[in-house]
Participant: 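Have a look at the structure that comes next, please.
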Amino acid sequence: MFEPPSGTRTTLGRHHTPASDVDALAAGRLTAGTAHRIRAVERGRRMLMVRAVAETARECAVDAGPPLPSLDIALDLLLRVEQARPDVVVDLLEHPGTGIWAVRVLERLHAGDKVPHEGRDGLPLWAELGYLHCLAAAAALRSGTEGTIRLPVREGCVALPTLGRIRLPAATDHDRVRTPAVATLRVPRAGSGPAVLAAGEHRLSLPADPGRPSSDWQPVRRAAWAPERSAPSLVLEDCDPYRDFRAQTLPSSSVSLSGGQAERWQQLLGEAGELLSARHPQATELLAAALRVVVPLPAALRFRTASASYSEAFGSALISLPPDPVELAVTMVHETRHSVLNGLLHQLPLCDTDSPGAEDPLFYAPWRGDPRPLSGVLHGAYAFAGVTEFWRVERRALSGPAADLAHFEYAVWHTAVGEALATLRTSPGLTEAGRQFVERMAETADAWPYEPVPEWPGELARAEGADLRAVWRARHTRPDPGQVRVLTEAWRSGADPGTAPGVRSRLRPDPRGGLPDARAELRRVRLAEPETLLARVRADEDASSRPLALAAADVALLLGDAARSVRGYLDVLTEYPGLPSAWAGLGLALSAAGRPTAAHALLRRPEVVRAVHRQTHERYGVSPDPVEVADWIGRNPAVCDAS
């Protein structure tokens with residue numbers, strides 16, 4: 001229930017999370033009862049956030065005005081709607097844009113942006129606060145509650161969350177296009193005519209059916225994605241100004257999907273829904289209960305589908321236009337799992353964050369190029385458990401190159417989830433509920449039947465796992481300088497590597513190393529579209545920061561020319577001796593060339609091989625052969641068996 005702007009406060013009750021919810025969610029199931037409890041918590045959070053916006057603005061003597069009336073006017077209208085149609089207010093509270101807006105505005109208020117001037121993206125604070133008026137206007141329209149309210153205009157558009165947006169005709173004044181900053185919406189008594197928006201000299205009547213577009217009205221796009229009639233449709237959100245939580249500046253209000261783009265999205269969503277319903281019933285149930293909004297992003301290159309979710313936008317997923325329904329389906333599964341876990345984390349903590357002053361440890365996560373906190377490992381393990389299950393089933397339903405790719409994805413993520421679960425199970429940073437959640441996840445993963453992977457995809461998957469870890473170590477770990485100096489002297493003196501001392505490495509995150517290495521993408525091209533491998537590399541040459549010689553060595557490696565790839569990586573290291581990808585690539589190439597000892601050192605401890613190579617050059621003025629250094633270190637168990 002909304003709290004009136006004055007009078008008694010409403011006290012929110014505590015939410016109880018049964019252990020059965022934790023067990024079900026860990027296994028990827030979202031029962032009706034669990035979904036109800038998660039949504040209740042999300043509504044409670046949003047209610048408190050809206051209240052916090054109003055109270056913080058009041059305490060800071062900031063209001064939506066002068067162009068707009070007091071925030072209390074919007075709250076009063078919402079309260080009136082709630083008394084007549086509580087379901088409408090519930091839906092607006094659950095709208096992902098409401099959470100994104102509240103976080104953004106609270107950040108502005110708490111950061112000292114307490115006067116109604118323009119913010120970092122040129123949007124005045126009063127206009128951002130005015131989104132609450134837009135929510136109230138949408139509530140009035142949906143419920144047929146009579147009222148008049150003024151609304152902010154941005155880029156010639158007025159947003160009505162969950163309904164759509166109104167485009168105002170632009171007026172010209174001496175060759176300048178101008179639009180009013182504020183419009184007034186009048187919602188008549190139910191059955192007495194259309195709602196009318198007045199903006200300057202313009203009067204626009206809204207259609208009686210808000211789902212029908214007109215020249216001035218763009219309704220929210222909805223897409224039926226699942227064959228089951230009971231499954232709710234998805235909103236294809238390209239109207240709401242608070243649809244993209246990633247951007248510091250709000251998405252343009254004047255840009256939306258074209259008709260062709262919308263049709264393509266709706267087609268892909270329908271095909272992805274059919275695929276999921278036919279072969280992934282549990283994932284389909286999860287999506288039907290949790291996913292309500294897909295925010296379309298521009299198309300990306302094959303195997304670079306972008307997606308994201310946000311803890312305060314439960315039920316929303318940002319997804320770039322994928323190349324096919326299979327990619328869309330697995331991306332929806334992935335992001336829905338993130339969203340569901342966010343909902344659970346709003347009920348109870350799974351990671352222990354109550355250690356004041358303690359530094360949050362970071363860990364290796366195979367799906368990321370940067371070190372992740374324990375919560376990030378947990379999130380990724382849960383999302384990729386769903387991805388693993390998806391590919392486990394799909395690889396039996398596909399054929400040809402598509403099946404090879406599915407086998408590869410299954411093998412990569414099955415191993416990655418296992419590694420992450422091992423990290424989580426041995427970490428003291430989980431709460432009791434967190435340990436229960438991880439153990440149930442592990443039981444589900446252990447129950448996956450052993451299914452062999454064909455030789456070629458399996459070989460590439462093993463190379464992928466070794467590559468990801470080696471590049472990560474080369475980017476983010478630094479060996480002890482004193483121990484490297486002793487090891488370098490031992491190498492220079494020709495000492496027996498079996499008697500040389502070990503070297504410890506410490507985590508030193510490199511902020512530039514956040515993206516996975518490009519070879520991960522090229523392996524997928526090699527499997528699914530081998531004929532396009534060379535063209536793909538050439539297409540990326542102008543936009544990529546990777547040396548062209550490195551791309552050539554990568555291609556040689558993936559085409560099975562081990563000798564050429566070894567020479568290529570050595571050439572790269574001559575010019576770029578610190579490049580992590582080249583050191584890891586050399587390890588893979590040496591493994592393919594039958595040099596297991598050197599390969600072992602480069603894939604297990606690339607940072608040590610690189611450090612000895614560098615120090616030899618700096619102290620003695622010569623650059624040793626990287627393969628010789630790696631071969632010597634590879635015969636040193638004190639180095640290669642340590643971490």
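Remember, it's a predicted structure, so these values are computed and weren't measured experimentally.
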Participant: Can any side-chain N or O of Ser339 pair as donor or acceptor with the backbone N or O of Gly315 at less than 3.5 Å?
Facilitator: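 Indeed, once roles are kept as given, a pair shorter than 3.5 Å links the two residues.
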Participant: So, taking the atom named CG in Leu378 and the one named OG1 in Thr423, what distance separates them when rounded to the nearest 0.5 Å?
Facilitator: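 Atom-to-atom, Leu378:CG and Thr423:OG1 are 11.5 Å apart.
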Participant: Nearest 0.5 Å, please: how far is OG in Ser316 from CG in Asn342?
Facilitator: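 Here the rounded value is 11.5 Å.
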Participant: Begin from the C-alpha positions of Ile38 and Leu25 and carry the test side chain to side chain contact (heavy atoms under 4.5 Å, CB included) through to its verdict.
Facilitator: CA-CA 11 Å; Ile38 287 179; Leu25 289 173; 4.1 Å; yes
Participant: Measure the shortest side-chain to side-chain distance between Trp225 and Leu287 over non-hydrogen atoms and say whether it is less than 4.5 angstrom.
Facilitator: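 A side-chain contact exists here, since the closest heavy-atom pair is under 4.5 Å.
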Participant: Going through the checks in order, is the salt bridge (charged side-chain N to carboxylate O under 4.0 Å, His left out) test met by Glu128 and Arg108?
Facilitator: CA-CA 10 Å; Glu128 289 228 63; Arg108 284 189 71 169; 2.7 Å; yes
Participant: So how far is it from Asp352 CG to Ser427 OG, rounded to the nearest 0.5 Å?
Facilitator: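 It is 9.5 Å, given to the nearest 0.5 Å.
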Participant: Within the 4.5 Å heavy-atom criterion, are Leu129 and Val105 side-chain neighbours or not?
Facilitator: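 A side-chain contact under 4.5 Å exists here.
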Participant: Could you check whether any side-chain N or O of Thr431 sits under 3.5 Å from a backbone N or O of Pro349, counting only pairs where one atom can act as donor and the other as acceptor?
Facilitator: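 Flag set: sc Thr431 to bb Pro349 pair under 3.5 Å.
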Participant: Test Leu350 against Val438 for side chain to side chain contact (heavy atoms under 4.5 Å, CB included), laying out the working first.
Facilitator: CA-CA 9 Å; Leu350 301 181; Val438 168; over 6 Å; no
Participant: If we ignore hydrogens and angles and just use 3.5 Å, is the side chain of Gln347 paired with the main-chain N or O of Leu344 as donor and acceptor?
Facilitator: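 Checked: no pair found.
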Participant: Does CZ belonging to Arg264 count more than 12 external heavy atoms closer than 6.0 Å?
Facilitator: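 Counting neighbours around CZ of Arg264, more than 12 heavy atoms of other residues, nucleotides or ligands fall under 6.0 Å, so yes.
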Participant: Go through the steps for Asp238 and Arg243 under the test salt bridge (charged side-chain N to carboxylate O under 4.0 Å, His left out), then give the verdict.
Facilitator: CA-CA 7 Å; Asp238 64 339; Arg243 59 189 180 271; over 6 Å; no
Participant: Which pairs count as salt bridge (charged side-chain N to carboxylate O under 4.0 Å, His left out) when at least one residue sits in residues 364-379, sequence neighbours excluded?
Facilitator: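 Salt bridge (charged side-chain N to carboxylate O under 4.0 Å, His left out) check on residues 364-379 returns Arg368-Asp370, Asp370-Arg372.
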Participant: I want to check something: taking the side chain as every heavy atom from C-beta on, are Thr184 and Thr148 in contact at a cut-off of under 4.5 Å?
Facilitator: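 Yes, their side chains come closer than 4.5 Å.
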Participant: For the side chain of His334 and the backbone of Ala329, is there at least one donor-acceptor N/O pair under 3.5 Å apart?
Facilitator: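 A pair under 3.5 Å: no.
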Participant: Ignoring hydrogens, what is the shortest heavy-atom contact between Ala308 and Phe245? Give both atom names and the distance.
Facilitator: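 Ala308 and Phe245 have their closest heavy atoms at CB-CZ, 3.7 Å.
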Participant: With side chains defined as the heavy atoms from C-beta onward, is the minimum distance between Leu236 and Leu257 less than 4.5 Å?
Facilitator: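 Side-chain contact under 4.5 Å: yes.
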Participant: Do you know the tightest heavy-atom contact between Thr98 and Leu92?
Facilitator: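 Nearest pair, atom of Thr98 first, then Leu92: OG1-O, 2.8 Å.
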Participant: Look at the side chain of Arg203 and the backbone N and O of Val196, then say whether any donor-acceptor pair between them is shorter than 3.5 Å.
Facilitator: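 A pair under 3.5 Å: no.
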Participant: Does any part of the side chain of Leu109, heavy atoms only, come nearer than 4.5 Å to the side chain of Leu125, both counted from C-beta?
Facilitator: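 Sidechains of Leu109 and Leu125: in contact.
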Participant: With a 3.5 Å distance limit and no angle check, can you tell me whether Thr284 reaches the backbone of Leu276 through a side-chain donor-acceptor pair?
Facilitator: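 Pair found, side chain donor or acceptor close to backbone of Leu276.
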Participant: Quick one: do the Thr34 and Asp21 side chains pair a donor with an acceptor below 3.5 Å?
Facilitator: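 Thr34 vs Asp21: donor-acceptor pair found between side chains.
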Participant: Considering non-hydrogen atoms only, spot the tightest contact between Ala289 and Ala35 and give its length.
Facilitator: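 Closest pair (atom of Ala289, atom of Ala35, distance): CB-CB, 4.3 Å.
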Participant: Can you measure from CG (Asp216) to CG (Leu204) and round to the nearest 0.5 angstrom?
Facilitator: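 Atom-to-atom, Asp216:CG and Leu204:CG are 4.5 Å apart.
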Participant: For residues Arg46 and Ala313, report the shortest heavy-atom separation together with the two atoms involved.
Facilitator: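 Of all heavy-atom pairs spanning Arg46 and Ala313, the closest is NH2-CA, 3.8 Å.
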Participant: Of the non-hydrogen atoms in Ala195 and Pro188, which two are nearest, and what is the gap between them?
Facilitator: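 Closest approach of Ala195 to Pro188, heavy atoms only: CA-CD, 3.7 Å.
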Participant: From Arg304 CZ over to Glu327 CD, what is the distance, rounded to the nearest 0.5 angstrom?
Facilitator: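 Answer for the CZ-CD pair, Arg304 versus Glu327, is 13.0 Å.
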Participant: For the pair Gln436 (side chain) and Ala19 (backbone), establish whether a donor and an acceptor sit closer than 3.5 Å, ignoring hydrogens and angles.
Facilitator: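 Answer holds: yes.
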Participant: Would you please say whether a donor-acceptor pair under 3.5 Å links the side chains of Asp240 and His95?
Facilitator: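 There is such a pair between these side chains.
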Participant: Taking only distance into account, with no hydrogens and no angle test, what donor-acceptor pairs under 3.5 Å do side-chain atoms of residues 139-147 form with protein atoms, sequence neighbours excluded?
Facilitator:
| from | atom 1 | to | atom 2 | distance (Å) |
| --- | --- | --- | --- | --- |
| Arg142 | NH1 | Asp91 | OD2 | 2.8 |
| Arg142 | NH1 | Thr162 | OG1 | 3.0 |
| Arg142 | NH2 | Asp91 | OD2 | 3.1 |
| Ser143 | OG | Ala139 | O | 2.7 |
| Ser143 | OG | Ala140 | O | 3.4 |
| Ser143 | OG | Thr145 | N | 3.4 |
| Ser143 | OG | Thr145 | OG1 | 2.6 |

Participant: Determine, stepwise, if the pair Gln218 / Arg167 fulfils side chain to side chain donor-acceptor pair (under 3.5 Å).
Facilitator: CA-CA 8 Å; Gln218 179 189 333; Arg167 297 180 185 272; 3.2 Å; yes
Participant: Check whether the side chains of Tyr242 and Glu237 place a donor and an acceptor atom closer than 3.5 Å, and report yes or no.
Facilitator: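 Note: Tyr242 and Glu237 side chains miss the donor-acceptor criterion.
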Participant: Please walk me through it: do Phe363 and Leu507 pass side chain to side chain contact (heavy atoms under 4.5 Å, CB included)?
Facilitator: CA-CA 9 Å; Phe363 302 90; Leu507 188 64; over 6 Å; no
Participant: Pro152 versus Leu68: any side-chain heavy-atom pair under 4.5 Å?
Facilitator: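 The answer is yes; the side chains approach within 4.5 Å.
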Participant: Is the closest side-chain heavy-atom distance between Cys157 and Leu168 below 4.5 Å?
Facilitator: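 A side-chain contact under 4.5 Å is absent here.
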Participant: Checking His476 side chain against Asp510 main chain: does a donor-acceptor pair fall under 3.5 Å?
Facilitator: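 Yes: the side chain of His476 pairs with the backbone of Asp510.
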Participant: Taking the side chain as everything from C-beta on, heavy atoms only, tell me whether Trp126 gets closer than 4.5 Å to Val182.
Facilitator: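 With C-beta onward as the side chain, the pair touches.
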Participant: Check this for me: does any side-chain nitrogen of one of Arg43 and Glu94 sit under 4.0 Å from a carboxylate oxygen of the other?
Facilitator: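 Salt bridge: yes.
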Participant: What heavy-atom pair brings Ile319 and Met332 nearest, and what distance separates the two atoms?
Facilitator: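 Taking every non-hydrogen atom into account, CD1-CG, 4.0 Å.
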Participant: If you measure from CD on Glu312 to CH2 on Trp101, what distance do you get to the nearest 0.5 Å?
Facilitator: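 Nearest 0.5 Å value for the CD-CH2 distance: 13.0 Å.
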Participant: Once salt bridge (charged side-chain N to carboxylate O under 4.0 Å, His left out) is applied, do any residues pair with Asp87, and if so which ones, sequence neighbours excluded?
Facilitator: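 So Asp87 forms a salt bridge (charged side-chain N to carboxylate O under 4.0 Å, His left out) with Arg85.
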Participant: Starting from the C-alpha separation in whole Å, work towards a yes-or-no answer on side chain to side chain contact (heavy atoms under 4.5 Å, CB included) for Glu42 and His346.
Facilitator: CA-CA 8 Å; Glu42 294 304 309; His346 286 165; 2.7 Å; yes
Participant: Do side-chain atoms of Ser233 reach the backbone of Ala224 as a donor and acceptor pair under 3.5 angstrom?
Facilitator: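 No: the side chain of Ser233 does not pair with the backbone of Ala224.
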Participant: Can any side-chain N or O of Glu335 pair as donor or acceptor with the backbone N or O of Ser309 at less than 3.5 Å?
Facilitator: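 Checking the backbone N and O of Ser309 against the side chain of Glu335, a donor-acceptor pair under 3.5 Å is found.
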